[in-house]
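Worksheet: one structure, shown below.
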Amino acid sequence: MHKRFKPLIWTIIISFGLQAATIDTVQTYSHVMDRNLTAIAVIPDSYVESEVHYPVVYLLHGHGGGPFDWINHLDLGPYADQHQMLIICPDGDKNSWYLDSPVVKESQYATYVGRELVRWIDDNYRTIRAKFGRAITGLSMGGHGALYLALQNPDAYCAVSSMSGGVNLTYSSKKWEIAEKIGSYEEFPERWHSNSIVNRGSKFADQQIEILIDCGTEDIFIENNRQLHEALLSADINHEYVEKPGNHSWDYWTAALPEHLEYFDSVFACSELDNAFGSQNQYLSGLMQAAIADSAWPGGVLLAYQNGQTLVHKAFGFHTYAGEKPVRTTDIFDLASITKVISTTSAAMILYDRGLLDLNTKVITYLPEFRGKYWWRDRHKAKVRIKHLLTHTAGLPPFKQYYKIEGDVDARLDSIYNTGLEQKPGRETVYSDIGIILMGKIIERLAEKSLNDFISEEIFQPLGMLSTGYLPAKSNLYRVVPTEIDPEGKLVHGYVHDENAHSLGGVAGHAGLFSTVADLAVFARMILNGGELDGIRIFQAGTVDLFTSPANIVAGSSRCLGWDSPSGRASGGVYLSDNSFGHTGFTGTSLWIDPDNDIIVILLTNAVHPNRSWKSPKYYDWRQRIHSAVYEELGFDTPNPNLIWRDRWRKNLGD
């Protein structure tokens, strides 16, 4: 039992267990409505024993509901525990629409929920008393309410989302008793229009807030939500927009809420830590701006993380050198060959954990087509094993222009399967897209579904990586950073830059994945934590160690199973520990994880714009310099003796 007394606020709190978490049923006094109101507070189990200040998510109910609606339909305790957040379910009355009524004095819910309750929660619980520690969401009427309150209180929330939001009050002037609170539509049409979020979305342009709009394709409000999405697009307001099968029902909302909480968790992880450690870091910002001025890339996003703290998470430059659209931290990049580790290698790790994939098994066991039509000419293909594909030691050529083959996808796959070896397997390391394309097809055989679906179901959805996947939705095109201008003068935008991946339908083992720096940080934290994050286990810890350590199939090779380790003029900088692992992508992307120093550095750019010839040497020089600079900001001053500066920096920074 918690008892807290504040001046002018009468409070009763009744607590009872909800699995490991605790529910507090609280009665608070609203000054603006001069009456007591109920709210539900779901408290993580760690709260009592810790001194931590927790982020808060305000979870609003729909029309006809009340503060108990959510806990009557979904056990919120595990989510409070998993994300280490407080979840607050206010009373929004059955038909307040979370507005301050000009008609009914006792219905002033915008003020109560948006201000009075927030102050009360901050005064009575150990919360992060700042914008970067609060988010708000809701269903139906509550979806509208969440967006409305976020607009009304620009300094209150760092993120807002809506599930099946009734974002247009004029959808029906006769339903849901809206007229009781704002007057009839015939008499006060301006009230109906001005209070509808669908007409106010452009005002989010004045706020620093992350936005997620979610609605089922069979929902009664789907067209209203599409209208809001288009309005936000027209105003160039960055937001997530999600449509998926479903209707206006608790089945949809209880399935959607965990995804929204994952989304908020990722926002909290970045925005709180940015606030604490300064995303305006002048040293790193100066180097990023210098790289842009040197035409290493038109724009990019840098994220650096150590020991649970984010040093920098910031966007720089523009989508193109025209300078018309600035890059934002939530922009989506073509990851190119980082696909090899985030998608294909990860899928292989899952199948390995399940005993479905044996690294020593011959490729032809899983993929008989690889033997080739003319197998007697190249008998060594039958000796290629899974570990050879993952370590680029199969003897395959590095690349072939399969996209020039006339015919359909099957014709190109047939050519890939029949590609001959250039040397015996296991003899030499030759980085090969072809081997990882084959690995992707093997995964699809074993998983009995597409690589896209498998990796999404097994990793991206459980981790809440909502912006990661193949084949970006058209609705997210405004967030996708373009890559090269192709030989025909067309800007490659919204589809994979790699020609072979594009010719295979956009989903391939070696390329095709798109993501944001925040989503990649979630994945990297999971890997850094031995395959588990926030109670969600993706890989066994031993599997992480196995796949991220040098495989030593070829003596002196830096290659791990799928991943790479630092060597020579390391792309991840000269301060990486020997146990680090990472990968890069041709479009201008890099990800390095250093378990010895608990450091993650992610740099996403579109260095192939306007043409891939612009990359060398400036992109490679600046990539190494910026990765190294992150370590310098953390106090590192002695390079790893096994790594060397690129020539551009050696004179001033190295021997």
Side-chain angles (χ1 to χ4, degrees), residues 277 281-297 300-307 309-314 316 336-338 341 429 431 517 520-521 524 527-528 548-552 555-560 563-586 588-605 607 615-655:
F277 295 94
N281 184 291
Q282 294 303 307
Y283 180 53
L284 293 172
S285 294
L287 288 174
M288 284 290 290
Q289 296 293 0
I292 292 168
D294 197 28
S295 300
W297 49 74
V301 182
L302 174 67
L303 184 144
Y305 168 103
Q306 185 188 39
N307 297 330
Q309 301 176 349
T310 299
L311 174 67
V312 63
H313 176 214
K314 190 176 179 183
F316 302 85
S337 284
I338 290 182
V341 290
T429 301
Y431 183 79
V517 74
L520 291 181
I527 286 281
L528 194 58
T548 60
S549 301
N552 295 319
S557 174
S558 64
R559 288 289 163 184
C560 311
W563 293 87
D564 197 10
S565 63
S567 63
R569 300 188 299 174
S571 61
V574 298
Y575 301 101
L576 288 167
S577 71
D578 288 336
N579 290 321
S580 300
F581 53 93
H583 214 283
T584 61
F586 185 79
T589 57
S590 56
L591 161 65
W592 280 92
I593 300 169
D594 185 339
D596 289 359
N597 296 303
D598 200 24
I599 293 173
I600 297 165
V601 183
I602 305 167
L603 175 63
L604 302 183
T605 78
K615 282 182 62 180
S616 184
K618 294 178 181 179
Y619 163 70
Y620 302 103
D621 289 341
W622 282 106
R623 178 179 65 187
Q624 187 194 56
R625 185 71 197 91
I626 287 169
H627 274 268
S628 298
V630 169
Y631 278 74
E632 291 165 0
E633 278 292 87
L634 294 170
F636 289 75
D637 56 12
T638 303
N640 182 330
N642 298 318
L643 306 177
I644 58 174
W645 285 107
R646 290 181 60 83
D647 292 344
R648 180 170 182 173
W649 315 119
R650 192 177 302 180
K651 180 178 179 181
N652 295 323
L653 300 172
D655 295 329

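For clarity, every value in this text was computed on a predicted model and none was experimentally measured. In this chain, residues are counted from 1 in sequence order.
The distance from the CG atom of Leu520 to the CD1 atom of Ile338 is 6.5 Å, given to the nearest 0.5 Å. Annotation: the span from Leu284 atom CG to Glu633 atom CD amounts to 5.0 Å, rounded to 0.5 Å. Remark: Ile292 CD1 to Leu287 CG distance equals 11.5 Å, nearest 0.5 Å. In this structure, Leu576 CG and Gln624 CD are separated by 9.5 Å, a value rounded to the nearest 0.5 Å. Atom NZ of Lys314 is separated from atom CG of Leu303 by 13.5 Å, given to the nearest 0.5 angstrom. Separation of atoms CD1 (Ile527) and OG1 (Thr548) is listed at 7.0 Å; rounding is to 0.5 Å.
Between Gly585 and Tyr619, the shortest heavy-atom distance links the atoms O-OH, 4.3 Å. Among all heavy-atom pairs drawn from Asp637 and Pro639, the shortest one is O-CD, 3.6 Å. For the pair Trp563 and Ile593, the tightest heavy-atom approach, listed with the atom from each and the gap, is CH2-CD1, 4.4 Å. The shortest heavy-atom contact between Ala607 and Lys615 is O-CG, 3.5 Å. The two residues Ala291 and Ile626 come nearest to each other via the heavy atoms CB-CD1, 4.3 Å. Across all non-hydrogen atoms, the minimal contact from Trp592 to Ser565 is CH2-C, 3.7 Å.
In this pair, Tyr575 and Tyr631 present their aromatic rings parallel. The plane angle is below 30°, not in the 30 to 60° band.
The shortest distance between side-chain heavy atoms of Tyr305 and Leu528 falls below 4.5 Å. A heavy-atom distance below 4.5 Å is not found between the side chains of Ser628 and Phe636. The side-chain heavy atoms of Met288 and Leu603, taken from C-beta on, include a pair separated by under 4.5 Å.
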Derivation and outcome, side chain to side chain contact (heavy atoms under 4.5 Å, CB included), residues Ile644 and Arg650 = CA-CA 8 Å; Ile644 58 174; Arg650 192 177 302 180; 3.7 Å; yes
Begin from the C-alpha positions of Trp622 and Trp297 and carry the test side chain to side chain contact (heavy atoms under 4.5 Å, CB included) through to its verdict.
-> CA-CA 9 Å; Trp622 282 106; Trp297 49 74; 3.7 Å; yes
Side chain to side chain contact (heavy atoms under 4.5 Å, CB included) between Thr584 and Arg623: does it pass, once the steps are laid out?
-> CA-CA 10 Å; Thr584 61; Arg623 178 179 65 187; 3.5 Å; yes
Criterion side chain to side chain contact (heavy atoms under 4.5 Å, CB included) on Leu591 and His583, from CA distance to verdict | CA-CA 6 Å; Leu591 161 65; His583 214 283; 5.8 Å; no
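With sequence neighbours left out, Asp294 forms a salt bridge (Lys or Arg N to Asp or Glu O under 4.0 Å) with Lys618, Arg648. Residues passing the ring pair (Phe, Tyr, Trp, His ring centres under 6.0 Å) test with Tyr620, sequence neighbours excluded: none. The side-chain contact (heavy atoms from CB on, under 4.5 Å) test applied to Ser577 returns Asn579, Ser580, Asp594, Asp596, Asn597, not counting sequence neighbours.
Applying the side-chain hydrogen bond (donor to acceptor under 3.5 Å, both in side chains) test between Asp564 and each of Ser557, Ser337, Ser558 identifies Ser558 as the sole match.
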